[in-house]
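Here's the structure we're looking at; comments come further down.
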Amino acid sequence: MDEFNCAAFERRAHDRWIHAFESNPSEKEKFYLNVAYPYPSGAMHVGHGRTYIVPDVIARFWRMRGRQVLYPMAFHVTGAPVIGISKRIARGDEKTIRLYRDLYKVPPTVLEKFTDPLTIVRHFSDEYQRVMTACGLSIDWRRRFTTVDPTYSKFIEWQWKHLYEAGHVIKGAHPVRYCTVDENPVGDHDLLEGDKAEVIRFTLVMFRYGDAFIPTATLRPETIHGVTNLWVNPNVTYVRALVDGKAWIVSREAAEKIQLQDHTVSIEREIPGGNLIDEKVSHPLCGEVPILPAGFVDPDMASGIVMSVPAHAPFDYIALRDLQQQGKYTTIKPVPIITVDGYGKIPAQEAVEKAGIKNQLDPRMDALTQEIYSAEFAKGKLFEKFGGQPVRVARDDVAELMTEKYDSVAMYEFDSRPVVCRCGNKVKVKILHDQWFLKYSDPAWKAQVSKHLKDMSLVPPEVRVEFDRTVDWLKDWACTRRVGLGTRFPWDTAQLIEPLSDSTVYMAYYTIAHRIREFAPENLTPAVFDYIFLGKESPSLPERARLDEMRKEFLYWYPYNFRFSAKDLISNHLTFQIFHHVAIFPREKLPQGMVVFGMGLLNGAKMSSSKGNVFLLEDAVNEFGADTVRMFLMGSAEPWQDFDWRNELVISTKKQIERFYNAILEMKDTGGEPGDIDLWLMSRLQDHIAKTTTALDNFQTRQALQEAYFGIDNDLKWYRRRLPEGRDGSRMLRQLCSAWIRLLAPFIPFTAEKLWQDVGGQGLVSFADWPVVDENLLSNRIELAEELLLRTVEDIESIRKLIQITPKSITIALAPPWKHEIFATIAKAPDRNLAIREVMKNDAMKKRGKEATDAAKQCTTLIHKLPPQVVTLIAANGVNERMVFESAKAFLEKEFGVPFHVTEAEGSGHAKAVTALPFKPAIVIE
RNA sequence: GCGAGGGUAACCAAGUGGUCAACGGUGAUCGACUCAAGAUCGAUUCGCGCAGGCGUUCGCGGGUUCAAAUCCCUCCCCUCGCACCA
């Protein structure tokens with residue numbers, strides 16, 4: 001017998017699989033599935049493994065079910081991350097080098113070339129393909145491409161031409177996080193601190209101060225009517241600067257920020273904060289107010305000068321109170337302008353006093369401010385003399401008025417700080433011009449997407465709400481970048497198409513990727529793609545015959561059946577790709593379904609390359625074997641659930657495969673005539689086939705393995721126990737071997753190929769027919785009989801364990817017919833709680849009196865405890881209990897080592913016999 | 001904060017009104033086989049019980065029901081997403 005040797009199985013299978021999964025249009029019905037392609041900037045870990053193995057299992061399943069399956073793969077190399085990585089390696093950054101050299105095990109000769117970003121992605125693309133192949137992924141590698149291939153760029157240009165012509169691409173200005181040292185917008189991953197900070201649009205209220213403006217930033221312009229003073233920090237140096245030709249007084253920090261926000265700024269001179277104290281400023285909407293000192297004023301927040309509305313802002317109120325408690329500015333009174341239900345005349349005062357806040361340093365101040373702010377926004381109304389509008393309306397109206405008449409402008413600032421770039425510099429808000437957007441905010445576009453989403457099959461169904469919400473929530477998406485790899489943006493070639501925006505319809509490109517390579521990129525005009533994908537004729541198309549081949553291929557494969565991706569892409573990529581599809585492709589070519597994955601954990605902690613908490617996929621394959629890795633990843637959780645990689649569980653998975661392997665080899669040559677227990681085994685097998693098939697239809701890999709592996713394994717345990725002495729099975733086991741190998745082939749294809757050969761299967765098991773249920777082999781009667789026997793054996797065992805005597809014989813006492821009658825009546829009753837009455841209507845039962853009511857109660861309890869299908873079968877008189885036990889007598893005597901008798905409970909004289917019920921005979925151990 | 005999903009025995013995990021003391025797997029304990037085993041097979045793994053039973057469990061607390069892990073409400077905790085980033 002061959003030893004279990006997964007490395008050898010893998011080698012042999014790989015030899016036989018070369019080119020086997022290259023897939024071309026055929027007579028068969030197609031099944032096209034694809035995964036979000038990887039960004040190959042590092043080595044694959046076992047989390048990646050799951051992402052690509054799930055679709056592979058599904059691909060293999062459908063291939064065996066006779067579909068023409070396409071599972072392609074490519075590499076997304078667009079974007080900025082590798083640029084940063086190559087720079088860090090070039091400058092000798094220890095952390096980065098350690099990651100690539102030690103964790104990813106990049107050889108020194110390769111690593112030194114990583115100063116070129118393209119080398120990094122090329123290296124890891126090859127690695128990905130190598131490791132994916134090692135995992136047994138049935139990918140058509142002819143279709144591999146990267147997103148910086150010139151032909152792909154031509155495809156992207158075609159895509160964008162359509163988006164542009166449909167009016168989805170617009171140009172505008174946009175506030176972004178910006179680092180003045182790097183001279184670049186700053187993404188989340190470039191931040192040292194402040195990744196939660198949001199950019200907020202403030203209104204600058206322009207107070208007049210002599211010939212200059214003093215701007216104060218506010219989110220609540222409507223409170224201008226209640227301003228009693230401004231706050232300036234006396235310890236801060238302010239500047240007088242010419243902003244767009246007008247004099248402003250702001251903090252030094254603010255002057256720098258304003259410059260980034262579409263203003264020309266030249267600083268004239270410094271003004272110590274102290275000099276401004278007690279000066280007077282004015283605004284048309286509130287008149288003349290003084291400037292007061294306040295330590296809480298932060299020069300790095302907006303303009304660095306704050307307007308004070310003590311009636312409605314707790315900070316202002318308490319700062320004023322603090323001053324007044326020192327006997328200063330006692331003539332200033334809060335000026336209320338807003339009424340809010342639940343608050344008195346001066347909300348800020350009331351809130352501060354109620355909370356018992358002593359001074360402005362109290363930590364509860366922020367929460368209090370938020371509370372007043374929310375209450376006034378939600379329920380507040382301006383006083384009648386200011387128009388009486390709700391606050392939420394007045395806010396925008398006043399802002400508009402100020403902008404139009406009173407010189408106000410917008411200023412962008414973060415809602416929380418600090419925000420610090422990786423380089424250590426403070427991040428500011430810059431208004432970026434010549435910024436291009438995909439107009440995801442467009443309601444008409446959204447509506448198209450929502451409509452199509454309804455027709456899509458989403459797995460698991462719970463993610464649907466999340467998709468709906470994402471469509472609803474999406475705003476315009478900045479779709480061009482200044483740094484990184486990618487396709488040039490056609491309308492501004494200094495910029496690149498943003499990485500999430502060049503990877504939305506490439507699933508269509510897969511269908512032609514292996515053929516389009518033969519074309520020179522410059523010949524790939526939009527007209528060429530229009531013909532291939534949209535069937536649009538145009539004069540002078542090059543190489544028409546080849547284009548027709550591609551058109552045929554596209555028409556065959558598209559639309560894709562399912563796209564697979566991790567759930568974190570719902571809020572961007574997965575939704576974007578629907579937007580792009582509906583914008584470009586006709587209805588019948590729109591995506592049909594998506595399967596969303598959970599995350600991967602390693603020993604209970606989140607897997608993360610940067611934290612070093614990863615297990616490399618290749619190491620796992622080398623250590624445990626590809627089949628083990630596959631079976632573990634598929635069996636430990638359903639695809640959409642998070643899975644946890646634990647070595648001890650992986651080791652036991654390997655043992656399970658080995659047990660399967662040995663079991664097949666032991667059974668495959670068994671001969672002999674089948675007995676009842678063989679029929680039972682075959683009937684159960686049909687059940688497992690049906691359930692495995694359903695599970696895989698629904699992408700439930702774990703459920704499928706439970707059925708296909710553990711279900712059959714457990715049946716075999718019972719089967720072996722039930723075999724008569726000296727028998728090791730029957731010829732039916734060959735049928736089971738064949739089916740079992742095929743059921744597990746999608747999960748453990750290497751071992752399956754080996755065994756398929758051993759049992760004399762034709763060709764590759766990868767292309768063998770998926771087992772189908774043979775109705776003739778299904779037998780409820782036999783399964784029910786075995787169920788009765790099994791339950792009784794379990795009861796005998798538990799009794800035997802409890803009682804201390806050494807049994808001399810075991811007697812099974814069968815329930816009398818009238819109890820069967822009661823059982824059937826109750827089982828068939830529409831309301832089982834009323835069934836007892838039903839039973840007692842019968843005269844014969846009435847005569848039995850208490851005996852009958854007791855039996856009815858016991859039957860009711862028993863019926864509740866049995867599986868419903870079993871109850872139905874028993875009630876339909878599906879089992880001859882005496883025959884079951886008589887024919888299992890030899891087995892029972894072997895099991896328990898004592899003589900075994902079957903008798904009728906009534907008249908048996910045994911005290912225990914009265915407890916006999918249908919499907920639960922009395923057991924008498926003596 | 002907002003949106004979505006989730007909390008089940010030592011661990012992972014199935015289960016969405018009675019099939020539930022709760023599938024399956026791991027780990028642990030005992031036994032069998034072996035020179036031996038990290039290999040294989042069998043048993044046990046909430047408590048009590050010399051008869052197949054009883055009691056108490058499914059994040060906390062409360063409610064609906066003849067009956068709740070499962071339905072409803074309050075609260076606590078965890079994970080993911082919240083954008084220019086793959």
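Below, read A as the first sequence line, B as the second, and so on, with proteins coming before strands; counting in each chain starts at 1.
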Nucleotide nearest [X] (side chain, heavy atoms from C-beta), chosen from [options]:
{"X": "P867(A)", "options": "U19(B), A86(B), A51(B)", "result": "U19(B)"}
{"X": "K865(A)", "options": "G52(B), G53(B), G81(B)", "result": "G53(B)"}
{"X": "E498(A)", "options": "G25(B), A83(B), A86(B)", "result": "A86(B)"}
{"X": "R646(A)", "options": "G25(B), C11(B), C23(B)", "result": "C11(B)"}
{"X": "L649(A)", "options": "U26(B), G53(B), A86(B)", "result": "U26(B)"}

Taking only N and O in the side chain of [X], is any of them less than 4.0 Å away from OP1 or OP2 of [N]?
{"X": "Q656(A)", "N": "U26(B)", "value": "yes"}
{"X": "K655(A)", "N": "A39(B)", "value": "yes"}
{"X": "R800(A)", "N": "G52(B)", "value": "no"}
{"X": "Q703(A)", "N": "C23(B)", "value": "no"}

What I want to check is whether an N or O donor and acceptor connect the side chain of T915(A) with the base of G52(B) at under 3.5 Å.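 Under the 3.5 Å cut-off, the side chain and the base do form a donor-acceptor pair.
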Should the pair E658(A)-K654(A) be classified as a salt bridge under the 4.0 Å nitrogen-to-oxygen rule?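 Not counted as a salt bridge, because no side-chain N and carboxylate O are separated by less than 4.0 Å.
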Please state how far atom [atom1] in [X] lies from atom [atom2] in [N], giving the value in whole angstrom units.
{"X": "R721(A)", "N": "U40(B)", "atom1": "CZ", "atom2": "P", "value": "20 Å"}
{"X": "H573(A)", "N": "C80(B)", "atom1": "NE2", "atom2": "P", "value": "20 Å"}
{"X": "Q641(A)", "N": "G24(B)", "atom1": "CD", "atom2": "C1'", "value": "14 Å"}
{"X": "F660(A)", "N": "G24(B)", "atom1": "CZ", "atom2": "P", "value": "21 Å"}
{"X": "E462(A)", "N": "G81(B)", "atom1": "CD", "atom2": "P", "value": "18 Å"}
{"X": "N572(A)", "N": "C80(B)", "atom1": "CG", "atom2": "P", "value": "15 Å"}
{"X": "R177(A)", "N": "C82(B)", "atom1": "CZ", "atom2": "C1'", "value": "12 Å"}
{"X": "F467(A)", "N": "G3(B)", "atom1": "CZ", "atom2": "P", "value": "19 Å"}

Identify the nucleotide, in any strand shown, that forms a Watson-Crick or G-U wobble pair with [N], with both distances under 3.5 Å; if there is none, say none.
{"N": "G5(B)", "result": "C78(B)"}
{"N": "U56(B)", "result": "none"}
{"N": "A83(B)", "result": "none"}
{"N": "C11(B)", "result": "G25(B)"}
{"N": "A37(B)", "result": "none"}
{"N": "C66(B)", "result": "G18(B)"}

[atom1] atom, [N] versus [M]: distance in rounded Å?
{"N": "U65(B)", "M": "C72(B)", "atom1": "P", "answer": "16 Å"}
{"N": "A39(B)", "M": "U26(B)", "atom1": "P", "answer": "11 Å"}
{"N": "C11(B)", "M": "C46(B)", "atom1": "P", "answer": "13 Å"}

Rounded distance [0.5 Å steps], CD1 in I923(A) versus CD in E797(A):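 Between atom CD1 of I923(A) and atom CD of E797(A) there are 10.5 Å.
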Say you draw a straight line from CD of E466(A) to CH2 of W473(A); how long is it, rounded to the nearest 0.5 Å?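 Going from CD on E466(A) over to CH2 on W473(A), the span is 10.5 Å.
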Polar side chain donor-acceptor pair, E462(A) to W640(A), under 3.5 angstrom: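 Result is no, nothing qualifies.
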Is a side-chain donor-acceptor pair under 3.5 Å present for T487(A) with D502(A)?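 The criterion, which ignores hydrogens and geometry beyond distance, is not satisfied for T487(A) and D502(A).
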Main-chain N/O of L574(A) paired to Q577(A) side chain as donor or acceptor, under 3.5 Å: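 Judged by distance alone, yes, a pair lies under 3.5 Å.
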May I ask you to say what K475(A) touches in the nucleic acid, namely base, sugar-phosphate or nothing, with a heavy-atom cut-off under 4.0 Å?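 If one applies the 4.0 Å heavy-atom cut-off, K475(A) turns out to touch a base.
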Determine the interplanar angle of the W160(A) and H580(A) rings, folded into 0 to 90°, and report it as parallel if under 30°, tilted if 30 to 60°, perpendicular if over 60°.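 Rings of W160(A) and H580(A): perpendicular, over 60°.
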Of S652(A) and R469(A), the one whose closest RNA chain B nucleotide lies more 5':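 Looking at the nearest nucleotide for each, R469(A) comes out on the 5' side.
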